[in-house]
A.B. asks: 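I have a structure here, written as structure tokens, and I will follow up with some questions on it.
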Amino acid sequence: MRKRREVRVLAVGIVAALAFSVQAAHSEDAVRFAPLKAEELSSAQKAWADMISAPPRNAKFTAPPYRAYIRNPDLAPKLSNLSEYLRWNTSLPARLSEMAILITARHWTAQYEWSAHYPLAMKGGLDPKIADAIAKGTRPDGMKDDETALYDLGIALYRDKKVSDAVYKAAREKFGERGITDIIGIMGYYDMVSMMLITMQAAPANNGVPPLPVLEK
């Protein structure tokens, strides 16, 4: 009896192990834009990977969205050059540029983008209550005048698909015409990033940031 029970337990263990192996294999097969190994990179891919590893980006070519970008070494440098300006060299302070990125991530429910930029928004000085309201899809209370102007412009573009004279005037008074183009540039670039991340099924970064709730349409 005891021997029969041991055999049964062993059989169950083997079946469970096989099921886990199959599940793991399917999980690995489902990875889109799977990370490439260094030895698999072409000279053009390696040159770009080396470039993005330098400060201030300090990026790994195996991380989202770079592991998708690297599939196209002609496009990748153009994207990283654009993002270098939009992230660090616009007329906006980090508090506002990161807020614009969070609005875009919320629009697309781009989980990796949200989790990666939430800490940067906090570091830039954005009130956590504002970010949390954006995450819930509600208008934040207590915004500063420039945050209100940015938020209204972003919502006008994403929700209304038009910008009223009043929204445009408020944005121009706070940011000038150059600043408006910076905001639109940031959101437009991170629209593309969001689509890339969604296509590659990038999970949230493992950094403790709560994921975005899925909002009712």
Side-chain angles (χ1 to χ4, degrees), residues 30-36 44-45 47-124 126 130-131 134-135 137 150-151 153-159 161 179-215:
V31 173
R32 300 177 181 180
F33 298 100
L36 299 175
Q45 288 173 319
W48 180 74
D50 290 342
M51 183 185 74
I52 64 169
S53 69
R57 193 180 300 275
N58 300 314
K60 296 179 179 179
F61 70 87
T62 54
Y66 306 111
R67 73 171 195 245
Y69 289 5
I70 202 166
R71 261 56 182 209
N72 190 336
D74 291 325
L75 177 62
K78 297 175 175 62
L79 294 178
S80 54
N81 286 340
L82 179 59
S83 70
E84 181 176 347
Y85 170 76
L86 294 172
R87 285 192 65 184
W88 296 295
N89 297 299
T90 70
S91 59
L92 305 175
R95 171 176 55 87
L96 294 177
S97 60
E98 292 297 334
M99 181 181 173
I101 296 170
L102 293 186
I103 292 171
T104 300
R106 172 66 278 180
H107 173 75
W108 289 96
T109 314
Q111 297 288 4
Y112 183 88
E113 187 169 275
W114 178 270
S115 60
H117 284 273
Y118 183 96
L120 298 176
M122 299 305 100
K123 183 179 179 181
L126 186 68
I130 292 175
I134 292 171
L150 186 151
Y151 180 84
L153 178 60
I155 294 302
L157 289 168
Y158 283 132
R159 184 191 64 197
K161 308 296 187 296
I180 291 175
T181 66
D182 280 336
I183 293 169
I184 294 172
I186 290 169
M187 290 183 168
Y189 172 74
Y190 280 94
D191 281 338
M192 187 277 300
V193 175
S194 297
M195 289 188 280
M196 193 75 72
L197 293 168
I198 290 169
T199 301
M200 67 192 297
Q201 297 180 328
N206 186 22
N207 60 0
V209 175
L212 286 167
V214 177
L215 303 179

A.B. asks: Would a 4.5 Å heavy-atom cut-off, applied to side chains only, mark N207 and S115 as touching?
C.D. replies: yes

A.B. asks: N206: which residues meet the side chain to side chain contact (heavy atoms under 4.5 Å, CB included) condition with it, sequence neighbours left out?
C.D. replies: none

A.B. asks: What are the two closest non-hydrogen atoms of L197 and P64, and how far apart are they?
C.D. replies: CD2-CB, 3.6 Å

A.B. asks: To the nearest 0.5 angstrom, please state how far the CD1 atom of I52 sits from the CD1 atom of I70.
C.D. replies: 6.5 Å

A.B. asks: Among all residues two or more places apart in sequence or in another chain, which pass the side chain to side chain contact (heavy atoms under 4.5 Å, CB included) test with A44?
C.D. replies: S42, P73

A.B. asks: Taking only residues at least two apart or on different chains, which pairs with a member in residues 79-105 satisfy salt bridge (Lys or Arg N to Asp or Glu O under 4.0 Å)?
C.D. replies: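 Passing the test, one end in residues 79-105: R95-D146, R95-E147.
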
A.B. asks: Can you give me the closest heavy-atom contact between A68 and M200, atom names plus distance?
C.D. replies: CB-SD, 4.0 Å

A.B. asks: Going by side chain to side chain contact (heavy atoms under 4.5 Å, CB included), name the residues that satisfy it together with D191, two or more places apart in sequence or in a different chain.
C.D. replies: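 For D191, the residues satisfying side chain to side chain contact (heavy atoms under 4.5 Å, CB included) (neighbours in sequence not counted) are T104, W108, Y158.
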
A.B. asks: For M51 and S80, which heavy atoms make the closest approach, and how far apart are they?
C.D. replies: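 So the minimum-distance heavy-atom pair works out to CE-OG, 3.2 Å.
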
A.B. asks: Would you compute the distance between atom CE of M99 and atom CD1 of I183 and round it to the nearest 0.5 angstrom?
C.D. replies: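 Atom-to-atom, M99:CE and I183:CD1 are 9.5 Å apart.
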
A.B. asks: Test your reading of the model: is there a side-chain donor-acceptor pair from D182 to the backbone of T90, 3.5 Å cut-off?
C.D. replies: no

A.B. asks: Closest heavy-atom contact between A131 and L102?
C.D. replies: CB-CD1, 3.9 Å

A.B. asks: To the closest 0.5 Å, what do you measure between CE (M187) and CG (L153)?
C.D. replies: 6.5 Å

A.B. asks: What verdict does the side-chain contact (heavy atoms from CB on, under 4.5 Å) test give for I103 and L150, after you've listed the backbone C-alpha separation in whole Å, the side-chain angles of each residue and the deciding distance to 0.1 Å?
C.D. replies: CA-CA 10 Å; I103 292 171; L150 186 151; 3.6 Å; yes

A.B. asks: Evaluate the side-chain proximity of I186 to L92: yes if any heavy-atom separation is below 4.5 Å, no if none is.
C.D. replies: yes

A.B. asks: Strictly by side chain to side chain donor-acceptor pair (under 3.5 Å), give each pair with a member in residues 61-74 just once, sequence neighbours left out.
C.D. replies: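 Side chain to side chain donor-acceptor pair (under 3.5 Å) check on residues 61-74 returns R57-Y66, Y69-Y189.
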
A.B. asks: Looking at side-chain heavy atoms only, is the closest gap between P213 and R106 below 4.5 Å?
C.D. replies: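 Heavy-atom side-chain distance check passes, below 4.5 Å.
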
A.B. asks: Go through the steps for Q45 and L36 under the test side-chain contact (heavy atoms from CB on, under 4.5 Å), then give the verdict.
C.D. replies: CA-CA 10 Å; Q45 288 173 319; L36 299 175; 4.1 Å; yes

A.B. asks: If I compare all heavy atoms of S194 with all of E113, which pair ends up nearest, and what's the gap?
C.D. replies: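 Scanning both residues, the minimum pair turns out to be OG-OE2, 2.9 Å.
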
A.B. asks: Do T109 and L215 have side chains that approach each other closer than 4.5 Å (heavy atoms only, starting at C-beta)?
C.D. replies: no

A.B. asks: For a side-chain contact (heavy atoms from CB on, under 4.5 Å) check, start with the C-alpha distance between I134 and W114, then their side-chain angles and the critical distance, and finish with the verdict.
C.D. replies: CA-CA 11 Å; I134 292 171; W114 178 270; 4.0 Å; yes

A.B. asks: Mind checking what makes side chain to side chain contact (heavy atoms under 4.5 Å, CB included) contact with T199, not counting sequence neighbours?
C.D. replies: F33

A.B. asks: Please report the closest heavy-atom contact between A63 and Y112, naming both atoms and the distance.
C.D. replies: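 Residues A63 and Y112, closest heavy atoms: CB-OH, 4.5 Å.
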
A.B. asks: Check for a donor-acceptor pair, side chain of Q201 on one end and backbone N or O of V31 on the other, with a separation under 3.5 Å.
C.D. replies: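 Answer holds: no.
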
